[in-house]
**Q** 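Attaching a single structure in structure tokens format; questions to follow.
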Amino acid sequence: MSKFATAAKRLLLGRPFRSDRLSHTLLPKRIALPIFASDALSSVAYAPEEIFLTLSVAGLTSFTMSPWIGLVVAIVMLAVIASYRQNVHAYPSGGGDYEVATVNLGKSAGLTVASALLVDYVLTVAVSISSAAANVGALIPYVAEHKVLFCVGAIVLLTAMNLRGLRESGTAFAIPTYAFMFAMLVMLIVGFYRIVVAGEDLRADSAGLELITEPDSFTGFAMIFLVLRAFTQGCAALTGVEAISNGVPAFRKPKSKNAATTLLLLGLLSVTMFLGMILLARSTGVVLAEHPATQLLNAPPGYVQDTLMVQLAHTIFDGFPVGFFFVTTVTALILVLAANTAFNGFPVLGSILAQDRYLPRQLHTRGDRLAFSNGIVFLAAFAIVLVFAFEAEVTKLIPLYTVGVFVSFTLSQTGMLRHWKRKLAQGEQTGLDAAGRRRIRRSQAINAFGLVMTASVLVIVLITKFSKGAWIAIAAMVAIFLLMSAIRKHYDRVADELRETENKPPMLPSRNHAIVLVSKLHLPTLRALAYAKAVRPDVLEAVTVNVDDAETRKLVADWDKHKFKVPLKVVESPYREITKPVLDYVRRVRGDNPRNVVTVFIPEYVVGRWWEQVLHNQSALRLKGRLLFQPGVMVTSVPWQLVSSERAKDLSDRGARPAAGDVRRGIFDDVQGQAPTTKESGK
């Protein structure tokens with residue numbers, strides 16, 4: 001079974017990489033852009049749509065405000081992009097917002113940012129994949145009917161691709177990401193050319209539909225509240241920007257410069273596509289309803305509301321189905337691949353948190369493909385849970401979105417202001433020149449403007465989205481914060497417990513009482529006895545548990561017949577248990593002296609097939625599990641290799657590869673790649 005699992009793993013992930021190949025996985029800008037920016041780029045496929053859907057409850061006239069809302073979102077996006085360019089220069093180690101907040105604002109602020117980002121990364125995967133299912137459903141009705149199944153399959157596929165390694169997954173994702181950018185820009189150019197230059201009157205299929213709205217329901221404060229909620233929905237376009245600051249170590253040198261350039265490209269492309277989508281939607285008269293079944297007044301029977309992207313592509317490329325199919329297909333692909341931003345950001349952040357002892361240490365280590373495999377798997381599992389819980393509905397997931405990312409944005413910008421203030425103070429002490437002070441002041445002003453923007457959005461998000469589902473994200477952030485704090489306290493407590501002090505110097509045991517557990521007299525028992533003698537304990541005895549009188553009498557007779565010098569003691573077990581009688585006997589032997597040690601030798605079979613493990617060693621496993629909790633008790637497994645284990649060993653040897661110098665030393669055959677025979681190795 002283990003060999004099958006290993007073969008499947010190698011087929012799925014490829015051959016493992018040596019640690020010294022880590023530098024070969026670093027990314028040039030052309031690959032880093034699709035890896036780290038796919039989430040922010042793809043958000044233009046659903047963020048403009050969310051603005052229209054939110055405004056739809058106030059009727060068609062409210063759509064006139066969509067360009068202005070989009071413009072404000074674009075200003076916030078540019079401010080955040082400019083701010084994060086300062087971040088990657090100041091903190092290129094990959095900690096991103098977490099490192100900025102921890103260093104400048106303290107551990108609590110850092111943990112708050114970390115918990116917010118972890119929640120947001122999971123939501124990024126769930127929202128992006130669910131939006132992809134909605135777009136694919138326009139082409140394939142089966143996907144529209146089974147969105148949850150599609151989303152789970154897409155997440156599993158992304159997980160497998162990322163487990164193969166960062167560079168390989170980036171190369172695979174680059175083509176569809178660039179195809180999406182090309183399709184979007186071509187659609188915008190063709191659309192505005194036909195409308196502005198050619199003077200065509202392009203009308204979307206939904207342009208003639210009317211929206212029902214209650215009279216005087218959305219005036220005054222209610223209308224302001226609705227516009228603010230539409231603005232926060234559109235701010236979903238900003239998600240993913242922080243991933244580049246977390247992924248700076250994955251860039252090629254000069255890391256900070258390349259990351260900043262990638263951020264600039266991301267900002268320009270995202271703003272262009274985001275505003276272009278909104279303007280095209282207004283020019284073609286697209287009508288979107290948050291609840292089509294009840295809001296659309298004159299919809300034809302069986303009307304199915306397509307996404308904004310699908311409607312625009314169908315309108316602009318009418319008479320050219322290849323263009324429509326291409327735009328829709330690459331949009332679905334980029335939405336699936338947008339989750340890759342989270343698949344790269346979440347594991348890196350998890351590794352940093354694990355290094356700081358806020359998460360399990362398993363998240364810190366890289367897998368055999370030099371990717372943070374454990375973090376990738378954890379992210380996929382949590383995202384699948386969200387997809388099932390919210391039925392892969394983007395409208396249900398969006399209210400949870402953006403809360404976490406704007407919490408991290410705001411704390412990060414606050415931390416950067418304190419960073420620049422400290423830099424100015426240090427500059428005054430070291431005699432920083434005027435040009436250097438101006439650079440710091442300029443960076444400080446950029447981060448201050450970013451703080452005003454992100455803090456304002458955060459307040460609006462909390463006001464407008466709390467009852468719509470944002471409370472779930474906030475509750476998850478609080479739970480993760482408390483969990484990480486508890487993990488850190490545990491690690492600190494264990495470290496204090498294990499730290500050597502002058503008050504607790506290491507002491508040798510005063511008495512070692514060795515016990516060999518015997519079930520029957522056979523070769524494994526004889527090996528365990530021989531090894532126990534070699535240890536030279538103060539006392540050595542064999543112990544068997546009487547669960548069957550006939551077998552116990554036969555064992556005692558055989559023991560006496562062989563005239564062993566080691567005494568055999570029989571422990572009675574009236575209820576035919578094995579574990580408890582052994583534990584009670586060991587406790588009595590050890591006594592109350594804390595320096596006494598009891599060493600228990602347990603013979604075990606080494607098997608080569610998975611089903612053989614079920615048939616053997618079960619009592620030994622239970623005993624070890626209980627004995628390990630006993631103070632002053634050492635447990636020693638004495639293996640006996642069955643014939644089947646040789647078969648497993650041979651398969652393992654054939655699958656092994658030589659390390660550097662093994663062939664020269666004769667450890668591996670230079671031609672076959674196998675272990676040499678005794679004659680070949682000179683033995």
Side-chain angles (χ1 to χ4, degrees), residues 494 497 507-642 644-645:
V494 171
E497 184 178 340
M507 295 183 295
L508 292 175
S510 60
R511 189 169 182 267
N512 184 7
H513 190 119
I515 297 174
V516 179
L517 297 183
V518 178
S519 60
K520 59 180 63 177
L521 194 55
H522 50 23
L523 291 175
T525 299
L526 296 177
R527 172 176 288 183
L529 279 171
Y531 181 68
K533 290 179 181 178
V535 175
R536 299 181 182 276
D538 297 297
V539 178
L540 175 60
E541 63 181 359
V543 172
T544 187
V545 179
N546 182 16
V547 295
D548 185 288
D549 289 336
E551 289 187 1
T552 302
R553 284 195 297 270
K554 184 178 182 303
L555 175 61
V556 172
D558 290 342
W559 196 271
D560 293 338
K561 180 180 177 181
H562 283 79
K563 298 180 180 179
F564 290 117
K565 295 182 179 180
V566 178
L568 174 64
K569 290 190 176 181
V570 178
V571 177
E572 294 297 332
S573 179
Y575 296 102
R576 296 162 304 284
E577 291 182 280
I578 294 177
T579 305
K580 188 175 185 303
V582 171
L583 288 173
D584 292 340
Y585 182 77
V586 168
R587 292 192 192 102
R588 290 197 302 270
V589 167
R590 182 171 180 268
D592 297 329
N593 191 334
R595 291 187 60 188
N596 285 352
V597 170
V598 177
T599 304
V600 182
F601 295 87
I602 305 177
E604 286 191 60
Y605 298 121
V606 179
V607 297
R609 302 178 180 89
W610 67 269
W611 52 266
E612 290 180 303
Q613 186 64 41
V614 178
L615 302 177
H616 301 284
N617 300 325
Q618 297 307 305
S619 297
L621 287 174
R622 287 194 298 270
L623 269 170
K624 284 196 295 184
R626 296 293 299 278
L627 287 169
L628 289 173
F629 287 95
Q630 302 300 314
V633 176
M634 309 298 170
V635 184
T636 302
S637 296
V638 183
W640 180 267
Q641 292 80 11
L642 296 179
S644 62
S645 67

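When reading the values below, keep in mind they use all heavy atoms of this one structure, side chains included, and skip hydrogens, waters and symmetry mates.
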**Q** So Q630 and L583, side-chain contact (heavy atoms from CB on, under 4.5 Å) or not? Walk me through it.
**A** CA-CA 8 Å; Q630 302 300 314; L583 288 173; 4.0 Å; yes

**Q** To the closest 0.5 Å, what do you measure between OG1 (T579) and NZ (K624)?
**A** 13.0 Å

**Q** What are the two closest non-hydrogen atoms of P537 and A532, and how far apart are they?
**A** CD-O, 3.3 Å

**Q** Quick one: are T599 and H513 in side-chain contact, heavy atoms under 4.5 Å?
**A** no

**Q** Would you name the heavy atoms of V518 and T544 that are closest together and state the gap between them?
**A** O-OG1, 2.9 Å

**Q** Using the test side chain to side chain contact (heavy atoms under 4.5 Å, CB included), find all partners of R553 that sit at least two apart in sequence or belong to another chain.
**A** D549, A550

**Q** Does L529 reach the side chain of V566, with side-chain heavy atoms less than 4.5 Å apart?
**A** yes

**Q** Is it true that, when you exclude E577 itself, more than 12 heavy atoms of the residues, nucleotides or ligands shown sit nearer than 6.0 Å to its CD?
**A** yes

**Q** Checking R527 side chain against V638 main chain: does a donor-acceptor pair fall under 3.5 Å?
**A** no

**Q** Counting only heavy atoms not in R626, do more than 12 fall under 6.0 Å of its CZ?
**A** no

**Q** Any non-hydrogen side-chain atom of L526 less than 4.5 Å from a side-chain atom of L523?
**A** yes

**Q** Within the distance-only criterion (no hydrogens, no angle test), does the side chain of R590 pair as donor or acceptor with the backbone N or O of N596 below 3.5 angstrom?
**A** yes

**Q** So which atom in N512 and which in D538 form the shortest heavy-atom distance, rounded to 0.1 Å?
**A** N-OD2, 2.6 Å

**Q** Considering non-hydrogen atoms only, spot the tightest contact between L568 and V543 and give its length.
**A** CD1-N, 4.1 Å

**Q** R588: what forms a side chain to side chain contact (heavy atoms under 4.5 Å, CB included) with it, not counting sequence neighbours?
**A** D584, Y585

**Q** If I take atom OG1 from residue T552 and atom CD from residue E572, how far apart are they, to the nearest 0.5 angstrom?
**A** 7.5 Å

**Q** What is the minimum heavy-atom distance between N546 and V570, and which atoms define it?
**A** CB-CG1, 3.8 Å

**Q** For a 4.5 angstrom cut-off between non-hydrogen side-chain atoms, does L627 reach V586?
**A** yes

**Q** Rounded to the nearest 0.5 Å, what's the gap from CD on E604 to CH2 on W640? Could you check?
**A** 14.5 Å

**Q** To the nearest 0.5 Å, what is the distance between OG (S637) and CD1 (I602)?
**A** 6.0 Å

**Q** So, taking the atom named OG1 in T636 and the one named CD1 in I515, what distance separates them when rounded to the nearest 0.5 Å?
**A** 11.5 Å

**Q** Shortest non-hydrogen contact from F629 to G625?
**A** CD1-O, 3.0 Å

**Q** With sequence neighbours left out, which residue pairs that include part of residues 530-577 fulfil the ring pair (Phe, Tyr, Trp, His ring centres under 6.0 Å) condition?
**A** Y531-F601, W559-F564, H562-F564

**Q** Mind checking whether T525 and K520 have side chains closer than 4.5 Å, heavy atoms only?
**A** no

**Q** Find the distance between CG (L517) and CG (L623) and round it off to the nearest 0.5 Å.
**A** 6.0 Å

**Q** Would you please test V516 and L540 for side-chain contact (heavy atoms from CB on, under 4.5 Å) and show each step?
**A** CA-CA 8 Å; V516 179; L540 175 60; 4.0 Å; yes

**Q** Do R622 and I578 make a side-chain contact, defined as non-hydrogen atoms from C-beta onward lying under 4.5 Å apart?
**A** no

